[in-house]
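Here is how names work: the chains are called A, B, and so on, in the same order as the sequence lines, proteins then strands, and each is numbered from 1.
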Number of protein chains: 2
Amino acid sequence: MQRQRTGDLKLIQELNRSIILDVIRKKGPISRSEIAKIIDLSPTTVTSAVYELIQEGLVYEDGVGVSNGGRKPVLLRFNPNNHTIIGLSISNSMVKIADMNLEGEALRKEIYPTYQYQGQEMVDHILEVVEQFLFKKADIDNCQGISVITPGIVDAQNGVITYNSKLKLYDVPLKSLIEERTHLPTYVDNDANALVLAESYFGSFSTYKDLLFITIGDGVGAGMMVNGSVFRGFMGSSGEFGHTTVVQDGVRCECGQTGCLENYVNWPAIYSKIVTGIMTKGRDTVITEMIDHNLNNIHPKVFVDAVNQDDELVMEIMEEVIRYLSIAIKNAVHLFNPEVVILSGDIIQNNVVLLEKMKTSVANQVIPILQDKINIQSTSLGPEFELLGTAAVIFHGKFKFQLS
Amino acid sequence: MQRQRTGDLKLIQELNRSIILDVIRKKGPISRSEIAKIIDLSPTTVTSAVYELIQEGLVYEDGVGVSNGGRKPVLLRFNPNNHTIIGLSISNSMVKIADMNLEGEALRKEIYPTYQYQGQEMVDHILEVVEQFLFKKADIDNCQGISVITPGIVDAQNGVITYNSKLKLYDVPLKSLIEERTHLPTYVDNDANALVLAESYFGSFSTYKDLLFITIGDGVGAGMMVNGSVFRGFMGSSGEFGHTTVVQDGVRCECGQTGCLENYVNWPAIYSKIVTGIMTKGRDTVITEMIDHNLNNIHPKVFVDAVNQDDELVMEIMEEVIRYLSIAIKNAVHLFNPEVVILSGDIIQNNVVLLEKMKTSVANQVIPILQDKINIQSTSLGPEFELLGTAAVIFHGKFKFQLS
DNA sequence: TTTGTTAATAAAGGCAATGGAAAAAGATAG
DNA sequence: CTATCTTTTTCCATTGCCTTTATTAACAAA
């Protein structure tokens with residue numbers, strides 16, 4: 001049993017600073033006195049906390065506001081540019097590394113393919129990328145640390161990649177490996193967990209406290225935010241959403257089971273259905289033109305475009321995806337009752353039709369009382385979502401007060 | 001957005017007191033100096049905190065321990081008997097009310113049938129029961145409050161029963177209704193949520209921080225403990241585990257869907273399968289003797305006894321229950337990764353066979369890395385589990401430090 | 001110019017934890 | 001049995017953070 005943190009004076013201060021910084025980030029520009037009113041702290045305390053935050057370079061004064069009948073308020077803003085963070089996103093196909101500010105805006109970014117590396121080769125590749133990147137970095141001083149996110153099961157506490165079958169990474173202590181080489185504090189987390197944090201810090205869902213975040217790509221994963229903090233599960237393997245059973249005695253999955261959601265809705269599944277439609281069944285579809293008769297050109301974007309053109313074949317395929325996905329989402333909603341379900345992945349981007357149909361489908365399947373509360377949205381993170389994920393993890397670890 | 005609590009000296013004290021009380025409860029009898037060592041607080045702080053706890057009657061000194069080479073330590077114990085709590089458990093068939101100490105041991109207990117009451121009649125019945133019970137109670141002074149638990153969707157924050165279809169209770173503000181009449185602080189919570197708390201406070205699972213608690217009775221519900229605190233979901237409707245889809249196009253459920261878990265594994269389903277086996281199919285089973293040829297005598301205990309006698313018909317039925325339940329549990333485990341899944345309900349009690357088979361079945365269905373970590377146990381709460389549930393809710397609300 | 005209001009800061013006081021010293025109560029070596 | 005060392009608990013002065021109560025700054029309205 002990990003020891004719980006006890007209370008001392010430092011704890012009060014940390015907590016209050018964290019709350020004040022949060023208010024400035026979310027509601028800035030804002031005056032000291034308004035902060036005091038909002039969170040019910042004495043003006044004096046706010047003043048001294050803000051002084052510290054300004055010293056640390058996290059906050060700056062930015063002119064004055066309009067008077068409410070007396071002295072004009074001095075407006076405070078969050079300053080994301082005084083500290084940098086290094087984000088590293090590992091996916092099956094590539095390694096992205098970037099130097100960012102505290103809002104996840106990239107100052108410099110590099111992308112490397114994974115060269116089909118697996119196991120130790122992959123680990124070496126990652127370490128090499130980090131070292132090379134740091135070598136070119138001017139000021140290490142303001143760097144708050146390195147944040148690594150990856151699919152698979154991660155022990156975030158110890159910074160170990162426990163299990164990633166596609167990259168063949170088993171019990172890789174990435175945190176210590178990177179810290180040894182760089183001497184920078186390093187965080188390692190699961191990608192879906194990081195993305196749900198990012199939605200909360202940088203996205204449109206900052207006011208929500210119970211989120212279910214679902215990514216659909218080569219695999220299907222989920223991240224959960226519960227009572228305002230990421231839920232990782234006992235071994236850090238929560239969110240194995242892709243292996244929800246949606247068909248009894250369905251197709252075999254590499255996990256050893258049959259009928260796993262993943263095999264019905266991930267991109268390879270959709271891709272192969274499109275190909276089958278075109279080649280085997282000789283179906284007429286707008287895709288044939290869009291890809292210039294080259295099947296290798298079928299990418300998620302093509303799928304979405306076809307949906308938006310109301311293509312018959314693609315709509316059929318999408319209906320099937322929705323059918324399976326909505327069963328799994330429905331079950332998760334019954335267990336979790338999140339305030340919003342956020343979908344992400346290439347086939348979701350700009351796909352309003354899918355979102356609407358999904359919402360209807362889920363609403364039709366849940367218990368009556370939840371029916372009109374179902375809220376399914378697309379991710380608000382934009383194209384650099386992985387980087388925002390890494391930034392969120394480090395921001396959370398460094399600047400957010402947590403008891404445990 | 002509900003305002004977050006800011007830090008002051010009172011917060012520190014509350015936190016430390018709560019931690020110290022917890023240590024004494026779980027590890028007592030224990031000396032002041034050992035507490036200081038365990039939680040890394042200064043001995044001085046422990047002494048003064050313990051002084052307060054003794055003043056409040058929550059802790060008492062109980063003799064001295066063996067010396068470790070110096071002065072003998074004074075041993076401290078948790079004193080559950082100086083405060084009382086009133087627990088009220090509402091189920092579909094009865095209302096239980098009891099006067100208890102802080103460990104959930106009943107001093108006085110009364111059980112009323114529900115008389116098929118529904119809606120307002122039921123509410124009046126509950127209020128009547130509470131008033132009558134309080135009327136006979138000698139010392140109201142030490143009473144910490146009233147705790148009500150009930151199936152269905154509950155807004156625990158505001159103490160409102162949002163939705164209970166069987167008792168036809170919709171948006172009943174029970175907390176205010178009871179507080180108006182009794183002037184005692186009242187807590188209202190969902191039964192499964194309360195039971196998972198009880199497992200953590202009074203059961204064998206106090207060291208676990210991520211629990212999934214499943215009740216099987218007339219309905220099927222789930223309570224979840226996440227990072228050491230109960231997870232209620234956005235509207236308080238988390239844990240609607242009974243409406244997980246386990247069969248496509250299965251039997252119709254009263255929720256409007258088909259194939260809900262509930263209809264395959266709850267007691268009415270099992271009961272009707274037994275009756276069908278005996279009456280329609282003329283199956284030979286030990287049950288016929290056990291119930292003296294009267295079908296009304298078929299109770300969950302009979303089912304369990306038959307299982308333990310390896311009765312063919314009953315084993316078939318149980319295998320079916322396990323098949324459906326394990327699908328749902330498997331999905332939940334993938335999403336949640338709880339440290340342990342706790343099963344409760346009449347058909348689970350003393351049913352080691354079911355537990356073992358369930359464990360095997362779930363383990364065979366989860367992703368490889370989880371296979372040997374699957375931990376499924378029977379509830380440790382004993383026959384008065386509802387009362388322990390009510391006690392846990394009030395104990396948690398009154399004596400457990402929480403930030404939010 | 002006077003008066004009233006809002007914003008920010010300064011000084012003093014309250015309070016919880018802490019570290020050091022001391023008291024209480026034994027253990028142990030000789 | 002005495003002197004010394006340990007362990008446990010408590011007392012006291014100190015530290016540090018928040019709050020209350022002025023005080024100053026800056027402005028609006030009359």
Tell me the interatomic distance from [X], atom [atom1], to [N], atom [atom2], rounded to whole angstroms.
{"X": "Asp8(A)", "N": "dG16(D)", "atom1": "CG", "atom2": "C1'", "value": "10 Å"}
{"X": "Ile39(A)", "N": "dT19(D)", "atom1": "CD1", "atom2": "P", "value": "9 Å"}
{"X": "Tyr51(A)", "N": "dA7(C)", "atom1": "OH", "atom2": "P", "value": "23 Å"}
{"X": "Leu41(A)", "N": "dT20(D)", "atom1": "CG", "atom2": "C1'", "value": "14 Å"}
{"X": "Leu75(B)", "N": "dT7(D)", "atom1": "CG", "atom2": "P", "value": "17 Å"}
{"X": "Asp40(B)", "N": "dA17(C)", "atom1": "CG", "atom2": "C1'", "value": "13 Å"}

Has [X] got a side-chain N or O lying under 4.0 Å from the OP1 or OP2 atom of [N]?
{"X": "Lys72(A)", "N": "dA8(C)", "value": "no"}
{"X": "Ser33(B)", "N": "dT8(D)", "value": "yes"}
{"X": "Asn68(B)", "N": "dA27(C)", "value": "no"}
{"X": "Thr45(B)", "N": "dA17(C)", "value": "no"}

Quiz item: ring-ring contact (aromatic ring centres under 6.0 Å, His included) with Phe205(A): which residues, sequence neighbours excluded?
Solution: Tyr208(A)
Practice problem: Name all residues meeting the ring-ring contact (aromatic ring centres under 6.0 Å, His included) criterion together with Phe336(B); count only those two or more places apart in sequence or in a different chain, and write none if there are none. | Solution: Phe231(A), Phe336(A)
Self-check item: For His396(A), side-chain contact (heavy atoms from CB on, under 4.5 Å) partners two or more places apart
Solution: Leu197(A), Tyr201(A), Lys400(A), Gln402(A)
Over all heavy atoms of both residues, which pair between [X] and [Y] is shortest? Give the atoms and the distance, please.
{"X": "Thr6(B)", "Y": "Asp40(A)", "answer": "OG1-O, 4.2 Å"}
{"X": "Asp210(A)", "Y": "Asn227(A)", "answer": "OD1-N, 3.0 Å"}
{"X": "Ala106(B)", "Y": "Ala98(B)", "answer": "CB-CB, 4.3 Å"}
{"X": "Ile86(A)", "Y": "Met100(A)", "answer": "C-CE, 4.5 Å"}
{"X": "Asn81(A)", "Y": "Asn79(A)", "answer": "N-OD1, 3.0 Å"}
{"X": "Cys143(B)", "Y": "Leu184(B)", "answer": "SG-CD1, 4.0 Å"}

Exercise. Using modelled atom types only, decide if a donor and an acceptor are shared between the side chain of Asn101(B) and the backbone of Asn82(B) within a distance under 3.5 Å.
Key: no
Quiz item: Between Ser147(A) and Gly145(A), is there a donor-acceptor pair closer than 3.5 Å when you use the side chain of the first and the backbone of the second?
Solution: no
For nucleotides 9-12 of chain C, give me every protein contact, N/O to N/O, under 3.5 Å, one pair per line with atom names.
unit_1	atom_1	unit_2	atom_2	d
dT9(C)	OP2	Arg32(A)	NE	3.4
dT9(C)	OP2	Thr47(A)	OG1	3.2
dA10(C)	N6	Thr44(A)	OG1	3.2

Exercise. Any pair with a residue in residues 43-58 of chain B that passes side chain to side chain donor-acceptor pair (under 3.5 Å), sequence neighbours left out, goes on the list, sorted by first then second residue, please.
Key: Ser42(B)-Thr45(B)
Practice problem: Could you walk me through whether Asn158(A) and Lys175(A) pass side chain to side chain contact (heavy atoms under 4.5 Å, CB included), step by step? | Solution: CA-CA 7 Å; Asn158(A) 301 308; Lys175(A) 176 188 164 77; over 6 Å; no
Practice problem: Please identify each residue that fulfils side-chain hydrogen bond (donor to acceptor under 3.5 Å, both in side chains) with Asp189(A), with sequence neighbours left out. | Solution: Arg232(A)
Quiz item: Residues two or more places apart in sequence or in another chain: which of them pass side-chain hydrogen bond (donor to acceptor under 3.5 Å, both in side chains) with Gln13(A)?
Solution: Lys10(A)
Practice problem: Please test Leu88(A) against Thr390(A) for side chain to side chain contact (heavy atoms under 4.5 Å, CB included), starting from the C-alpha separation and ending with a verdict. | Solution: CA-CA 7 Å; Leu88(A) 179 68; Thr390(A) 61; 5.6 Å; no
Report all interatomic pairs (protein N or O, nucleotide N or O of nucleotides 1-4 of chain D) with separations under 3.5 Å.
none

Quiz prompt | Close residues, residues 9-24 of chain A, relative to DNA chain D [heavy-atom separation under 4.0 Å] | solution = Leu9(A), Lys10(A), Ile12(A), Gln13(A), Asn16(A)
Practice problem: Scan residues 69-86 of chain B for pairs that pass salt bridge (Lys or Arg N to Asp or Glu O under 4.0 Å), counting only residues two or more places apart or in two chains. | Solution: Asp62(B)-Arg77(B)
Quiz prompt | Touch class at under 4.0 angstrom, heavy-atom based, for Val46(B) against every strand present | solution = nothing
Quiz prompt | Angle of first-five versus last-five pair axes in the helix from dT1(C)-dA30(D) to dG30(C)-dC1(D), to 10 degrees | solution = 10°
Quiz item: Nearest nucleotide by nearest heavy atom, which residue falls closer to the 5' end of DNA chain D, Ser31(B) or Gly7(B)?
Solution: Ser31(B)
I'd like a table of atom pairs between the protein and nucleotides 28-30 of chain C - only N or O on both sides, under 3.5 Å - with the distance next to each one.
none

